[in-house]
Amino acid sequence: SAGDGLWSTAGNWDLNEQPQKGDAVEFSGSYSSTQNVEYDASTVATEFASIKVNPASGTVNLTLNKSALNLTATSNALVVTSGNRLIFGTTVTQMGGGAYDPTLTDYQSGSTVEYTSGSVFIDDYSALTINGATGTSGSGTGTVSGLLTKDGADFTTAETFTAGSYTNTAGTATFSGTSLSVAGTTTLNGGTLAGSASAQGDVVFGGGTVSGTFTFAGGNAQDISGTGAAFSNMTINKSANDVTCSTAVSVSGTLTLTAG
């Protein structure tokens with residue numbers, strides 16, 4: 001896709017027409033710059049076999065904004081390759097006429113999926129940005145191998161999330177019932193991390209806050225740094241090594257020292 005970036009513009013496609021019902025849609029060209037593509041309200045067809053964001057070179061950012069989308073392929077219905085971004089906007093996404101199915105997606109290493117409204121689908125991601133979604137859809141564990149970023153509106157989930165690293169930049173992220181588990185660094189640049197969370201890496205404060213219960217876990221040496229380091233309830237329960245406070249730390253509720 002090129003031109004004005006709209007899915008509905010026929011001239012943006014290699015056959016000089018919009019993709020038709022049942023087509024396997026691919027963004028597989030070579031691009032010299034980032035291509036921002038919108039699945040927009042003027043698009044006619046809403047049912048396709050699959051969508052693959054897999055340019056030979058360059059980057060594609062695909063935003064889903066038309067009211068409905070149904071993908072019918074029984075494998076690899078939605079694929080995003082390294083360096084590219086899929087943005088779930090206002091589109092209601094179905095697979096096979098039913099609910100979104102995480103077994104039919106392939107968000108490859110180095111790709112990013114962003115949600116600007118609605119709910120985050122429980123799935124396996126390389127990088128995930130929550131930037132307007134307010135909850136989750138589906139059950140189980142949301143797995144983010146790389147960076148999980150929380151931005152935009154307040155977000156609440158009762159599902160478990162695991163992340164390679166975590167950054168809170170705006171709004172409140174509440175992980176209730178279960179927890180957020182972060183293997184690497186947790187960065188709090190804005191907003192609030194609430195509910196139940198644990199980290200095996202460092203925690204860096206840069207304007208954000210923590211409420212609920214935060215647990216330092218795992219066997220890595222950990223450090224708390226930055227400014228305004230404040231916890232409601234903090235637990236240290238480590239299998240090895242210690243937690244170092246490189247800045248002043250306050251705990252307004254309960255401090256539990258189990259191990260480490």
Side-chain angles (χ1 to χ4, degrees), residues 38-39 51 53 61-71 76-82 84-96 98-184 186-199 208 210-212:
E38 181 185 3
Y39 175 69
I51 296 175
V53 183
N61 298 329
L62 172 61
T63 301
L64 303 178
N65 271 336
K66 186 176 173 64
S67 59
L69 173 66
N70 182 33
L71 302 175
N76 293 326
L78 187 55
V79 177
V80 185
T81 60
S82 179
N84 301 293
R85 181 182 291 261
L86 175 66
I87 303 166
F88 285 96
T90 56
T91 297
V92 176
T93 302
Q94 294 182 307
M95 294 182 178
Y100 175 97
D101 186 347
T103 69
L104 301 180
T105 63
D106 183 12
Y107 302 130
Q108 296 180 13
S109 177
S111 68
T112 300
V113 177
E114 179 177 355
Y115 290 83
T116 59
S117 67
S119 297
V120 174
F121 293 120
I122 297 299
D123 207 332
D124 295 334
Y125 301 94
S126 176
L128 172 64
T129 299
I130 303 172
N131 187 19
T134 57
T136 51
S137 177
S139 61
T141 299
T143 303
V144 185
S145 60
L147 175 63
L148 169 56
T149 301
K150 167 62 187 70
D151 201 352
D154 292 348
F155 168 83
T156 301
T157 182
E159 306 302 325
T160 298
F161 273 79
T162 64
S165 57
Y166 178 83
T167 296
N168 213 103
T169 60
T172 298
T174 303
F175 295 87
S176 62
T178 52
S179 67
L180 166 69
S181 178
V182 183
T186 299
T187 304
L188 302 163
N189 287 332
T192 301
L193 174 58
S196 176
S198 66
V210 176
S211 67

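Everything numeric here is computed off the predicted structure, so don't read it as measured data.
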Participant: Going by atom types only, do Thr169 and Asp151 share a side-chain donor-acceptor pair under 3.5 Å?
Facilitator: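 Asp151 and Thr169 do have a side-chain donor-acceptor pair below 3.5 Å.
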Participant: Between Ser211 and Thr192, what is the shortest heavy-atom contact and its length?
Facilitator: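 Closest approach of Ser211 to Thr192, heavy atoms only: OG-CG2, 3.7 Å.
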Participant: Heavy atoms, side chains only, cut-off 4.5 Å: are Ile51 and Tyr39 in contact?
Facilitator: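 No; the side chains remain at least 4.5 Å from each other.
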Participant: How many angstroms lie between CG in Leu193 and OG1 in Thr187, if you round to the nearest 0.5 Å?
Facilitator: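 With rounding to 0.5 Å, CG (Leu193) is 11.5 Å from OG1 (Thr187).
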Participant: Please check if the side chain of Thr81 supplies one atom and the backbone of Val53 the other of a donor-acceptor pair under 3.5 Å.
Facilitator: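 Side chain of Thr81 to backbone of Val53: a pair is present.
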Participant: Nearest 0.5 Å, what's the CG-OG distance between Leu64 and Ser67?
Facilitator: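 Separation between the atoms: 11.5 Å.
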Participant: I need the Thr93 OG1 to Leu71 CG distance, nearest 0.5 Å.
Facilitator: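 Here the rounded value is 7.0 Å.
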Participant: Counting C-beta onward and ignoring hydrogens, is there a side-chain heavy-atom pair between Leu86 and Leu78 closer than 4.5 Å?
Facilitator: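 Answer yes - side chains close enough.
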Participant: Scan Thr149, Thr129, Asn131 and name whichever one has a side chain to side chain donor-acceptor pair (under 3.5 Å) with Glu114.
Facilitator: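 Of all the options given, the one that passes is Asn131.
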Participant: Which heavy atom in Val80 sits nearest to a heavy atom in Arg85, and how many Å separate them?
Facilitator: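 For Val80 and Arg85, the tightest heavy-atom pair comes out as CG1-N, 4.2 Å.
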Participant: Run the side chain to side chain contact (heavy atoms under 4.5 Å, CB included) check on Thr156 and Ser176 step by step: do they pass?
Facilitator: CA-CA 7 Å; Thr156 301; Ser176 62; 4.2 Å; yes
Participant: Would you find a donor on one side and an acceptor on the other, under 3.5 Å apart, between the side chain of Asn61 and the backbone of Asn84?
Facilitator: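 Not a single qualifying donor-acceptor pair exists.
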Participant: Please work out whether the ring planes of Phe175 and Phe161 are parallel, tilted or perpendicular, with thresholds of 30° and 60°.
Facilitator: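 The arrangement is perpendicular - the two ring planes meet at more than 60°.
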Participant: I want to check something: taking the side chain as every heavy atom from C-beta on, are Leu148 and Leu180 in contact at a cut-off of under 4.5 Å?
Facilitator: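 When only atoms from C-beta onward are counted, Leu180 and Leu148 do touch, with a gap below 4.5 Å.
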Participant: Treating Ser126 as the side-chain partner and Gly110 as the backbone partner, does any N or O pair qualify as donor plus acceptor under 3.5 Å?
Facilitator: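 Yes.
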Participant: Is Glu159 reaching over with its side chain to a backbone N or O of Gly140, donor-acceptor style, under 3.5 angstrom?
Facilitator: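 Yes; at least one donor-acceptor contact below 3.5 Å.
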Participant: Report yes if some heavy atom in the side chain of Val120 is under 4.5 Å from a heavy atom in the side chain of Phe155; otherwise report no.
Facilitator: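 Yes, close enough: below the 4.5 Å cut-off.
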Participant: For the CZ atom of Phe88 and the OH atom of Tyr115, what is their distance to the nearest 0.5 Å?
Facilitator: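 Interatomic distance, Phe88 CZ to Tyr115 OH, rounded to 0.5 Å: 4.5 Å.
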Participant: Tell me the closest heavy-atom pair linking Leu147 and Ser165, and the distance in Å.
Facilitator: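 Leu147 and Ser165 have their closest heavy atoms at CD1-OG, 3.4 Å.
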Participant: Could you walk me through whether Ser109 and Ser82 pass the side chain to side chain contact (heavy atoms under 4.5 Å, CB included) check?
Facilitator: CA-CA 6 Å; Ser109 177; Ser82 179; 6.0 Å; no
Participant: Measuring from atom OG1 of Thr105 to atom CG of Asp124, what distance do you get when rounded to the nearest 0.5 angstrom?
Facilitator: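 Going from the OG1 atom of Thr105 to the CG atom of Asp124 covers 7.5 Å.
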Participant: Show the nearest heavy-atom pair for residues Gln108 and Ser111, with the distance to one decimal.
Facilitator: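 Where Gln108 meets Ser111 most closely, the heavy atoms are O-OG, 2.6 Å.
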Participant: Checking side chain to side chain donor-acceptor pair (under 3.5 Å) for the pair Asp101/Thr103: CA distance, chi angles, key distance, verdict?
Facilitator: CA-CA 5 Å; Asp101 186 347; Thr103 69; 2.7 Å; yes
Participant: Got a second to check how far Tyr166's OH is from Leu188's CG, nearest 0.5 Å?
Facilitator: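 Tyr166 OH to Leu188 CG: 7.5 Å, rounded to 0.5 Å.
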